[in-house]
There are 2 protein chains.
Amino acid sequence: MDRTTTTGNNPRRPDLSRDNLVDAAIGLIDRDGAGALSIRALADAVGVTPMALYNHFSSKRDLIAAVGERLIRSTQFDGGHGDWREQLRYCFGALRHLCLRHPGLPDLLKLDGVVPEAAYAPMDVTKKALQAQGMSELDSVRTFFLLTGYTLSQAAFQSHPTPALAPTEKVRRERISGRGHGPVDRRDPPPEWDFDASFSFGLGIILEGIEGRIRAR
Amino acid sequence: MDRTTTTGNNPRRPDLSRDNLVDAAIGLIDRDGAGALSIRALADAVGVTPMALYNHFSSKRDLIAAVGERLIRSTQFDGGHGDWREQLRYCFGALRHLCLRHPGLPDLLKLDGVVPEAAYAPMDVTKKALQAQGMSELDSVRTFFLLTGYTLSQAAFQSHPTPALAPTEKVRRERISGRGHGPVDRRDPPPEWDFDASFSFGLGIILEGIEGRIRAR
DNA sequence: GCTGTTATATATACAGTGTATATCTATTCG
DNA sequence: CGAATAGATATACACTGTATATATAACAGC
C-alpha cells in the first residue's frame with residue numbers, strides 16, 4: 001500500500017505515522033526525560049489508544065530505535081575543515097551537543113541496548129581521519145570506541161544532576177538506617193564545574209595520545 | 001536497638017539483614033542481569049514477602065546503592081607498585097574486571113543514577129598518582145572522569161552481546177515495516193574482537209596523552 | 001509468668017509498565 | 001454495491017515499585 005494514503009485530512013482518524021509518532025516521542029523525552037516515554041504517554045500525547053501505536057512500531061524498542069535514528073541522522077558529523085584533530089573535535093563535539101540538546105537520548109538508547117544504524121556515522125568520520133594519517137583500520141575503530149565512550153559518558157554526566165530523594169524515601173531511610181551510611185546519589189561536581197572545559201581537557205588528552213601513536217608509526 | 005539482636009538462629013524468622021539481602025541481590029544480577037533484580041524476585045529468593053524488604057531498605061534505589069557499595073568496596077584499587085602509569089593501569093584494570101565479573105553492575109547503577117560512596121576510591125588513586133607528578137587537582141579530577149568514562153563504557157560494551165529480538169516482535173516487524181529499515185540491535189563487534197587488547201590500546205592512548213600534559217607542565 | 005513496646009513480616013491495594021488477543025470501524029478495491 | 005483490509009479500540013495479563021494497615025514475634029520491665 002502507498003504510504004501517503006493516510007486518510008487525507010480527515011480529522012476523524014488522527015494522522016499517525018512513524019514520523020509523527022517519533023516527533024511526539026522526542027517531545028516527551030525532551031520535556032521530561034527518557035523515563036517519560038511510555039507507550040501510554042505517547043498515545044495520550046497524540047490522542048489515541050495505546051495499542052494503536054503497535055500498528056506503526058513493533059515494540060517499544062522499535063520506537064526507541066526510530067527516535068535514535070532520527071536524532072542521529074539529523075546531525076552532521078563530518079563538518080571539520082582542518083586537520084584530523086579538527087575533524088575529530090568537530091565530530092565528537094557534534095555528538096556531545098546532540099546529547100546535550102536531547103538529554104534523554106543516551107539513557108533511552110542504553111535503556112534497551114539499542115544502537116541505531118546511523119550511530120556509526122561518527123565511526124566512519126574517525127576511521128577516515130585516522131587512516132589518512134596511517135593508522136590501521138583496527139586501531140582506528142578502537143580509537144573510535146575510546147572517543148565515543150568518553151563523549152557519551154561526559155554528556156550523560158553533565159545532563160543528569162543529582163536526582164532528588166523522594167520525600168517518603170527520605171523519611172523511611174531515617175527510620176531504617178540509624179546505622180550504616182545510606183545510599184549516595186550521584187555526587188554532583190562542584191556547582192561551578194565547567195563541563196565544556198572539562199570535556200575539552202579530556203578530549204585534548206586523547207588527541208595528544210593519538211598523535212603520539214601516529215608519530216610512532 | 002542493638003543490630004545483632006536478630007532472633008538468634010530461630011528458623012521461624014528468616015535471618016534477613018542488609019548483608020544477606022545484598023548477597024541474594026548480587027546472586028540475582030550475576031545470574032540474570034540487572035533487569036532480574038526486582039523487589040518481588042529478591043523477596044522470593046530469600047523466602048519472604050516483598051514488603052518485608054522495606055524494613056531493611058528504604059527503596060529499590062537504596063538496595064541498588066547497597067549492592068554497588070558492597071561490590072566496589074570488595075575491590076582494591078590502589079595496588080599498583082610501579083610508577084603512576086602502573087598505578088592507573090592497576091586501578092582501572094581492577095574497575096574493569098569488577099564490571100566484567102558482575103556484568104549487571106554498571107547497568108544497575110546507571111539505571112537509577114546511583115553512585116555509591118565507595119565509587120570514588122578510584123578517584124583518590126588517580127588524584128594521588130597524578131598530583132604526585134605535578135598535575136593540578138582540577139586536572140586530576142578531569143582525568144579521573146576521562147579514565148572512568150572510558151573504562152565503564154568499554155566494560156559495558158563487552159558485557160552486553162546483542163540482545164535477541166523477542167519472537168513476536170520479529171513477526172510483527174515483518175508485518176509493519178515492509179518499508180523502512182527496522183531498528184538495529186547493538187551491533188556486535190566482529191566475533192574475534194579482542195576486548196582486552198582494545199581496552200589496553202585505548203588506555204595506552206590516554207596514558208600517553210597524560211604524559212604529554214605532565215611533561216608540558 | 002504476664003504486659004506493654006518495639007521490630008519485623010504480612011496482606012491488600014494502587015498506579016504504573018509493555019503488550020497479547022479479539023473486536024470493531026473506516027477506508028479502499030473489484 | 002459488497003468484500004477485503006488497514007488501523008484504532010477494548011479488554012486483559014503479568015509485571016513493576018511501594019503506600020497503608022494489620023498481624024506476629026521478640027524483648028524490657030515487673
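Since this is a predicted model, take the numbers as computed values, not measurements. First the proteins, then the strands, lettered A, B, ... as listed; each starts at 1.
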Please write out each protein N/O paired with an N/O of nucleotides 16-18 of chain C under 3.5 Å, distance rounded to 0.1 Å.
residue: C/dT17; atom: OP1; partner: A/Ser38; partner atom: OG; Å: 2.8
residue: C/dG18; atom: OP1; partner: A/Ile39; partner atom: N; Å: 3.2
residue: C/dG18; atom: OP1; partner: A/Lys60; partner atom: NZ; Å: 3.1
residue: C/dG18; atom: OP2; partner: A/Ile39; partner atom: N; Å: 2.9
residue: C/dG18; atom: N7; partner: A/Arg40; partner atom: NH1; Å: 2.7
residue: C/dG18; atom: O6; partner: A/Arg40; partner atom: NH2; Å: 3.0

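- Residues satisfying the salt bridge (Lys or Arg N to Asp or Glu O under 4.0 Å) test with B/Arg96, not counting sequence neighbours, are B/Asp196.
- Applying the side chain to side chain donor-acceptor pair (under 3.5 Å) test to residues at least two apart or on different chains, none of the pairs has a partner in residues 144-156 of chain A.
- Contacts of A/Ser74 classified as side-chain contact (heavy atoms from CB on, under 4.5 Å), with partners at least two apart in sequence or in another chain: none.
- Contact between the side-chain N/O atoms of B/His56 and the OP1/OP2 oxygens of C/dA7 is not found at any separation under 4.0 Å.
- Between the P atom of D/dA8 and the CG atom of A/Asn20 lies a distance of 11 Å, rounded to the nearest Å.
- Scanning for salt bridge (Lys or Arg N to Asp or Glu O under 4.0 Å) contacts around B/Lys127 gives B/Glu137, with sequence neighbours left out.
- The aromatic rings of B/Phe144 and B/Phe92 are tilted relative to each other, their planes meeting at an angle between 30° and 60°.
- In this structure, CG of B/Leu42 is placed 13 Å from C1' of D/dG17, rounded to the nearest angstrom.
- In this structure, CE of B/Met51 is placed 15 Å from P of C/dC14, rounded to the nearest angstrom.
- Separating the CG atom of A/Leu16 from the P atom of D/dG7 is a distance of 10 Å, rounded to the nearest angstrom.
- Atom C1' of nucleotide D/dA14 and atom CG of B/Asp44 are separated by 14 Å, given to the nearest angstrom.
- Looking at residues two or more places apart in sequence or on another chain, you find no salt bridge (Lys or Arg N to Asp or Glu O under 4.0 Å) involving A/Asp32.
- Ranking C/dA9, C/dT10, D/dG7 by closeness to the B/Thr49 side chain, first place goes to C/dT10.
- Atom-to-atom, CG of B/Asn55 to C1' of D/dT22 comes out at 13 Å; the value is rounded to the nearest Å.
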